[in-house]
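The structure appears below as structure tokens.
None of the values given here were measured: they were computed from a predicted structure. In what follows, every heavy atom counts, from backbone to side chain, and hydrogens, waters and symmetry copies are set aside. The sequence lines fix the lettering, A, B, ..., with proteins before strands; numbering per chain opens at 1.
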Amino acid sequence: MDPQAAKFLAAGLACIGMGGAAIGVANIFGQFLVGALRNPSAAPGQEVKLYLGFALAEAFGIFSLLIALLLLFVL
Amino acid sequence: MAADPIHQFQIQNIVPLLKVGAAEIHFTNSAAFMILGVVLTALLLLGATAGRHVVPTRLQSVAELTYELVASTLRSSAGEEAMKFFPFVFSLFMFVLMSNVVGIIPYTFTVTSHIIITAALALTVFFTVIIYGVWKNGLHFFNLFLPRGIPVFMAPMIVVIELLSFLSRPISHSVRLFANMLAGHITLKLVGGFVVGMGSLGFLGSIGAIAPLALTVALTALELLVAVLQAYVFTILTCIYLNDAIHPGH
């Protein structure tokens, strides 16, 4: 296979990992909404943890995007 | 295709400072923006606390809110004893926050989008934890690698796992911040490139360019959120790691 083509294929494959991060972020916000609708008075106190969880989960998607970018621009 | 999206991260030499053998040391745009971040932080905090009103003005309450945010995070995750590390943690937070937020402005340079910067910050935290932990707790610091109540036959495996997770901390700590900044700015640049590309196709193209333009605005808002959040995440992880140095064996 042409190395250039293999590079682009690998970059595309690396981006599959971002799907996992999407599931994770959706899970965090969905579960927060479920909890917040059950007990709305407790929800504002947990917002910092919500955004913290969002940032931590999102970072793993960014890691796979980083691999794709490394393949495209650095290698 | 628009300009190379990686181009914005290039380090440019501004003023040559000195020459050591074959290596030249320059004052770069990275250094300039680091100084800008520090100056902005100093101006914000000094300007805000110059008046010291009992009822805070808007600027003063910004300074008080950031102080309270970092202080309460440190206190709740590492205990009252950790407050001696407050100046360190607060400086880290303000430096990362200012670098990230200044980087959102078009045509500026994002200091934290270079792994050498974030790795230096993360390694400082890592070695602070090791040195302070050993200095304060002696050999008890190594209880960190063996949680209490583990059956003897499982201990060797647990020690290896804990050791690996401890050693990989500076990597995940630095890559998290760096990769977020890098990927965010590249995404902005790519979507911005679509606007230029569509706009050059004539009238119909200009109408088509509205969608990527709106997306750029939305992404900039998301990047602002990410910039502040990642600074906070960097700080909270620092607090959690400092907690290990102060209270090992939990």
Side-chain angles (χ1 to χ4, degrees), chain A residues 2-33 35-36 39 41-75, chain B residues 1 3-10 65 68-70 72-74 76-77 96-97 100 112-115 118-119 122 168-169 171-190 219 222-240:
Chain A
D2 179 26
Q4 195 69 13
K7 203 167 84 172
F8 286 133
L9 276 177
L13 286 174
C15 281
I16 294 173
M18 295 180 72
I23 295 170
V25 171
N27 200 15
I28 287 165
F29 280 100
Q31 296 287 346
F32 178 78
L33 207 55
N39 187 358
S41 58
Q46 303 303 317
E47 267 172 10
V48 172
K49 283 177 192 156
L50 171 71
Y51 286 116
L52 188 66
F54 158 73
L56 288 175
E58 196 214 19
F60 289 100
I62 301 280
F63 286 173
S64 65
L65 182 60
L66 179 72
I67 299 298
L69 291 173
L70 284 177
L71 286 167
L72 282 180
F73 295 111
V74 180
L75 287 183
Chain B
M1 199 55 221
D4 178 14
I6 293 289
H7 182 76
Q8 58 181 324
F9 303 112
Q10 221 155 49
L65 277 175
E68 279 300 319
L69 177 73
V70 179
S72 67
T73 308
L74 186 56
S76 65
S77 55
V96 174
L97 180 72
N100 289 356
T112 41
S113 66
H114 281 261
I115 187 139
T118 58
S168 62
R169 270 176 185 181
I171 302 171
S172 68
H173 199 189
S174 57
V175 169
R176 179 172 287 116
L177 176 60
F178 141 76
N180 264 288
M181 288 301 117
L182 183 83
H185 282 82
I186 289 176
T187 316
L188 273 180
K189 192 84 170 188
L190 283 177
L219 275 176
L222 179 73
E223 278 311 302
L224 194 60
L225 173 76
V226 167
V228 177
L229 266 182
Q230 287 303 326
Y232 184 62
V233 168
F234 195 88
T235 315
I236 211 167
L237 287 173
T238 305
C239 295
I240 291 168

Distance col, row A:Leu56:CG vs B:Leu237:CG, nearest 0.5 angstrom, shows 6.5 Å
Flag if over 12 foreign heavy atoms under 6.0 Å of NZ, A:Lys7:
yes
In terms of heavy-atom contacts, A:Phe63 and B:Ser172 come closest through CZ-O, 4.4 Å
Between A:Leu66 and B:Ala179, the two heavy atoms sitting closest are CD2-CB, 4.0 Å
Cut-off 4.5 Å, heavy atoms of chain A, and the answer for B:Leu225 is side chain
(Q) I'd like to check B:Arg176 versus A:Ile62 (side-chain heavy atoms, cut-off strictly below 4.5 Å). Are they in contact? (A) no
Check the surroundings of atom OH in A:Tyr51: do more than 12 heavy atoms from other residues, nucleotides or ligands lie under 6.0 Å from it? no
Smallest heavy-atom separation, A:Ala55 atom then B:Val233 atom, equals CB-CG2, 3.5 Å
- Message: Determine whether A:Glu58 and B:Val226 satisfy the following criterion, side chain to side chain contact (heavy atoms under 4.5 Å, CB included), listing intermediate values before the conclusion.
- Response: CA-CA 10 Å; A:Glu58 196 214 19; B:Val226 167; 4.1 Å; yes
Distance col, row A:Leu52:CG vs B:Thr73:OG1, nearest 0.5 angstrom, shows 9.5 Å
